[in-house]
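Worth saying up front: this structure is predicted, and the values here are computed from it rather than measured. Both ligands and their constituent atoms are indexed starting at 1 by order of listing. Note that these values count all heavy atoms, side chains included, but never hydrogens, waters or copies made by symmetry.
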Amino acid sequence: MSNPPPARKVFVKSFGCQMNVHDAERMKDVLAGEGYADTSAIEDADLVILNTCHIRERATEKVFSELGKVREVKEARAARGVATRIAVAGCVAQAEGGEILRRQSAVDLVVGPQSYHRLPDLLRRSDNGARVVDTEFPPEDKFDHMAAPAPDAIRARGVSAFVTIQEGCDKFCAFCVVPFTRGAEVSRPVARVLDDVKRLVDAGVAEVSLLGQNVNAYHGLDERGASVGLRGLVERLATLAGLERIRYTTSHPNDFDDDLIAAHAEIDKLMPFVHLPVQSGSDRILKAMNRKHTAAQYFAIIERLRAARPDIALSSDFIVGFPGETEADFGATLDLIRRTGMASAFSFKYSPRPGTKAAELVEQVPEAVKSERLARLQRLEEDQRRAFNQATVGRVVGVLFEKQGRHPGQIGGKSPYMQAVHVDGPLNLVGRVAPVKILSLKTNSLAGELA
Ligand code: 5AD
Ligand code: SF4
């Protein structure tokens, strides 16, 4: 009897947002159907995929330096007589397309985020050494053309899972490439999302994070062809037995309606944590950013959210050093962080992106000023995060246990507010929510005991 053909292996490295992390899983699911097993050792990989991010300049540079390293792996394997294919996926693939093949001759395949369901076909086209580019925007729901993850794959990824419900963006903030790389906003039909979540829950998932670039603009069609908003979707998901927690990210202030705010008061499974990027606290800068909302409108949303759910934890994205930003504009951003009691934040130095409106603005802020403002913002944010975490000490909170802890006998999980918590406890609590009394604050987590 002949031996079965050796299994092929794929190594995926993801940069950037949670959408990319999740897309990497979807690519692995598609490739599993083609006989590719996932590996975390790049030297063993027959196919290396760099799943790239285009949001900031440094992200793109990182891809090309990374490609230089992958090329060395490919050459070392070639010296041993084994072939390696290199694919570039994600938003740099979408934005640069064939230019990547010209800049790095070791790349075999360039595939944009809308084309992952075509990976098997693209790989076949590159079998004979052809270099292939696919950055089309298909009109159909790409997820319907993708292999569903196998129960084993779901279990290996843990008890908290991502589900894409919406993709793309029509907002065109002046600094942002997303509307160009991810295309126009599209929502997936309700039934498809429900199917995906049921499959996850059947395999043991207890928490889903609904993903979209503008997730609260969700408007999927239901079975009768009626449009359902994010609240309606959350309501339906909340009826699924076994699903304990629902989260969503990333939202836009202009789509934050009263229905969704009320959902935070009314639906227990909806977690009291909202990531709501505001970018700046200065109306002048918000206008230049084409955000189409003011700081006062943002405060009003936060006030209503707090009225609905007083314990809600807030998180946001900030850009410092947007063209024309003065010390007073930056001061308004710091004020906003203080006034909202932001518990966590992602903050970035503005980086001009080719093709965006802001890249043409002449009043660029010097690099040293950007660095200094970023450091000040991050210090403030760090203080507020510590204060928020400190305020949970002594309280009893539900923790969804996700994995074994770092020390023997320890298990770790997340509080409703996305804080990492560890306790001494049995491994069979993994996948379940249990009350925990928070005892103390560690560097990056909270220590507690089962209550
Ligand atoms: N420069 C710096 N930060 C940016 N972001 C998006 N585009 C840029 C840019 N050109 C940030 C925003 C966004 C987050 C995902 O990345 O804060 O919310
Ligand atoms: Fe980019 Fe603005 Fe759309 Fe967010 S809302 S993806 S920052 S254009």
Just checking Arg284: does its CZ atom have more than 12 heavy atoms from other residues, nucleotides or ligands closer to it than 6.0 angstrom?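 Yes, because the 6.0 Å sphere around CZ of Arg284 holds more than 12 heavy atoms from other groups.
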Could you tell me whether Gln404 atom CD has more than 12 heavy atoms of other residues or ligands within 6.0 Å of it? no
The criterion is ring pair (Phe, Tyr, Trp, His ring centres under 6.0 Å); which residues satisfy it with Tyr298, sequence neighbours excluded?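 For Tyr298, no residue satisfies ring pair (Phe, Tyr, Trp, His ring centres under 6.0 Å) once neighbours in sequence are set aside.
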Quick check for students: name every N or O atom pair between ligand 1 and the protein closer than 3.5 Å, with distances.
from: ligand 1; atom 1: 1 (N); to: Ser351; atom 2: N; distance (Å): 3.0
from: ligand 1; atom 1: 10 (N); to: Phe175; atom 2: O; distance (Å): 3.0
from: ligand 1; atom 1: 10 (N); to: Ser351; atom 2: O; distance (Å): 2.8
from: ligand 1; atom 1: 16 (O); to: Arg56; atom 2: NH1; distance (Å): 2.9
from: ligand 1; atom 1: 17 (O); to: Gln279; atom 2: OE1; distance (Å): 2.6
from: ligand 1; atom 1: 18 (O); to: Gln279; atom 2: NE2; distance (Å): 2.9
from: ligand 1; atom 1: 18 (O); to: Asp317; atom 2: OD2; distance (Å): 2.7

Within the protein, residues bringing a heavy atom under 4.0 Å of ligand 2, chain by chain: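 Residues near ligand 2: Cys169, Lys171, Phe172, Cys173, Phe175, Cys176, Val178, Pro179, Asn214, His252, Arg291.
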Is it the case that Thr326 and Asp329 place a side-chain donor and acceptor less than 3.5 Å from each other?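 Judged by distance alone, the side chains do pair up.
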Check Tyr417, Tyr248, Phe346, Phe256 against His275 for a ring-ring contact (aromatic ring centres under 6.0 Å, His included) and give me the one that passes.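 Answer to the ring-ring contact (aromatic ring centres under 6.0 Å, His included) test with His275 among Tyr417, Tyr248, Phe346, Phe256: Phe346.
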Filter on salt bridge (charged side-chain N to carboxylate O under 4.0 Å, His left out), then keep only pairs touching residues 264-282, sequence neighbours left out; what's left?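 Pairs touching residues 264-282 that pass the test: Arg231-Glu266.
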Thr52 side chain to Ala89 main-chain N or O, any donor-acceptor pair under 3.5 Å?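 Side chain of Thr52 to backbone of Ala89, a donor-acceptor pair under 3.5 Å: yes, one is there.
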Checking Gln384 side chain against Met342 main chain: does a donor-acceptor pair fall under 3.5 Å?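 Yes; judged by distance alone, with no hydrogens or angles, the pair exists.
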Grab the two heavy atoms, one from Ser187 and one from Gln166, that are nearest each other, plus how far apart they are. OG-CG, 4.0 Å
